Amino acid sequence: MNVLILGSGGREHAFALKLQESNKINQLFVAPGNAGTDKIATNININPTDFNAVKKTVLENDIKMVVVGPEAPLVEGVHDFFLADSDLKNIPVIGPKKDGALLEGSKDFSKQFMLKHGVPTARYQSFTKDNLQDGFAFLETLEPPFVLKADGLAAGKGVLILNSLEEAKAELEEMVSNQKFGEASATVVIEEFLKGIELSVFVLTDGKNYKILPSAKDYKRIGEGDAGLNTGGMGAISPVPFADEAFLNKVEELVVKPTINGLQKDGIDYRGFIFIGLMNDNGNPSVVEYNVRMGDPETEVVLPRIESNLFDLFEGVANQNLNEKSFSVTNKTATTVMLVSGGYPEAYEKGKEMTGFNDVQDSIVFHAGTTIKDGKVVTSGGRVMAVTSFGNTIEEALEKSYKSIDKIHFDKMNYRKDIGFDLV
Ligand code: AMP
Ligand code: GLY
């Protein structure tokens, strides 16, 4: 069977490498892909949110399954588009329809969903420009720091954490009245600040059955010691040492089961990944956010630890018999370190020639922002490559990742030298 992966990051390269293990896949396509996916699959240069272009690609290449990497096509309804088209309706899409994608596409929806189904999360209220004064009054009932979230998708920038009440009020007004994040901040969720350590748990579901995938911790800040601006993620570790069996059991009982049951009760037929961002506060989980896709770079440590055949699992999602699929995970630790362009997450240059990555032997190099120009691999994004290694301990795996990175070069390459610093 031919399979299409939508997206172009390290996550999609990781999907492609893992799917390649299946002898049931004949040809693998990635749209638009990167220089890494180009080596192992066929890249198709289309935009994943251009659904007519996706349709053309699917029909021309006899594609029989579509795996959606990023959230935008899901929130915009790629799965619904397939179901509504007589030529596409029998082709399974791994990723929720619009109704399920609202768990990520609207913070207000996801908070209402958690409240309704008893999933532990921070106390909150939502506001628009029409009840701004009520928003100010709600802020006055909270202790700092204040957490303000744009309701809609804001490219990872829509969450503000502010220490002063005055600043929080001013930012709320900027968001709802002056559209600081455009239409995305017409509604703003204000919630209590959660204490604890963050981690992520990933679930694959066919709408009825689920598999809990390995947990991971992501390092979001650009600077060492978790300082500086937020990025898409600078590195990740799996498993998370403080997410022990007792904690993960609580996550399953208090978060995963009510989430899957809640989707069913609400008539949402959800087929795909759920990324649950959690705070661990003294052993108790509280949900910070849902995403309706895998994380990046979390995928680059989660998928390599899965020993089972990913395509089999996806068939289980499509045929709603995920419960019949075997699932196992290695005990080894995986770490990944993201190589980024100098300047990222602010302005940075692209088109830098990359060398040495083919000499890496002890790690897996996942391409993210890379492309091919005049036959050479050059940088094409802020996050360029994720270097993943296995070890018996976090230290052992990280040492391999850093040794491999020593072989890789491009002008102004930057990376964090302290991934996992808080865990070792
Ligand atoms: P989100 O996009 O909802 O994941 O928020 C981005 C980041 O802001 C999270 O990964 C957390 O680090 C932080 N954050 C969000 N909500 C809260 C909260 N209620 N309490 C503490 N930190 C939060
Ligand atoms: N690494 C965080 C995310 O994928 O949203």
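All values reported here derive from a predicted model rather than from experimental measurement. Counting starts at 1 for both ligands and their atoms, following the listed order.
Within the 4.0 Å heavy-atom cutoff, Gly233 does not count among the residues contacting ligand 2. Taking a 4.0 Å cut-off on heavy atoms, Arg11 fails to register as neighbouring ligand 2.
Remark: ligand 2 atoms within the under-4.0 Å shell around heavy atoms of Asp218 are 1 (N), 2 (C). Close approach of ligand 2 to Phe275 is summarised as follows: ligand atoms under 4.0 Å from at least one heavy atom of the residue are 3 (C), 4 (O), 5 (O). Using a 4.0 Å cut-off to heavy atoms of Gly232, the atoms of ligand 2 that qualify are 1 (N), 2 (C). Ligand-side atoms of ligand 2 in range of Glu298: 1 (N), 2 (C), 4 (O), range being under 4.0 angstrom from any heavy atom. Near Gly295, meaning under 4.0 Å from one of its heavy atoms, ligand 2 places the atoms 4 (O).
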Side chains of residues 229-238: which donor-acceptor partners sit under 3.5 Å, not counting sequence neighbours?
unit_1, atom_1, unit_2, atom_2, d
Thr231, OG1, Lys220, O, 2.7
Thr231, OG1, Gly233, N, 2.8
Ser238, OG, Ser215, O, 2.6
Ser238, OG, Arg305, NH1, 2.8

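Residues Asp226 and Arg416 meet the side-chain proximity criterion, which asks for heavy atoms closer than 4.5 Å. Two residues are said to be in side-chain contact when any heavy atoms from C-beta on lie closer than 4.5 Å; Gln264 and Tyr270 fail this criterion.
Closer than 4.0 angstrom to ligand 1 by heavy atom are Lys107, Val147, Lys149, Val159, Ile161, Glu191, Glu192, Phe193, Leu194, Glu198, Lys220, Met279, Val288, Glu289, sorted by chain and number.
Cation-pi geometry between Lys417 and Tyr415 is met: under 6.0 angstrom from the ring centre, within 45 degrees of the axis. A cation-pi contact links Lys217 to Tyr219, judged by a cut-off of 6.0 Å to the six-membered ring centre and 45° from its axis.
The environment of Lys407 atom NZ is dense: over 12 non-hydrogen atoms of other residues, nucleotides or ligands sit within 6.0 angstrom.
Geometrically, ligand 2 and Asn291 share no nitrogen or oxygen pair separated by less than 3.5 Å. Considering both main-chain and side-chain atoms, Met294 never comes within under 3.5 Å of ligand 2 through any nitrogen or oxygen pair.
For the salt bridge (charged side-chain N to carboxylate O under 4.0 Å, His left out) with Glu289, the lone residue among Lys149, Lys107, Lys111 that qualifies is Lys107.
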Lys18/Glu21 under salt bridge (Lys or Arg N to Asp or Glu O under 4.0 Å): CA gap, chis, key distance, verdict: CA-CA 6 Å; Lys18 189 81 188 136; Glu21 292 169 6; 3.1 Å; yes

Step-by-step salt bridge (Lys or Arg N to Asp or Glu O under 4.0 Å) determination, Glu140 to Lys169: CA-CA 9 Å; Glu140 283 167 12; Lys169 287 182 177 175; 2.5 Å; yes

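Side chain of Glu399 to main chain of Glu395: no donor-acceptor pair is present (N/O by atom type, distance under 3.5 Å, no hydrogens or angles).
Look at Asp411 and Lys352 and you find a salt bridge, because one of the NZ, NE, NH1 or NH2 atoms lies within 4.0 Å of a carboxylate O, short of that distance.
Protein heavy atom at the shortest distance from atom 5 (O) of ligand 2 is Arg293 NH2, 2.9 Å.
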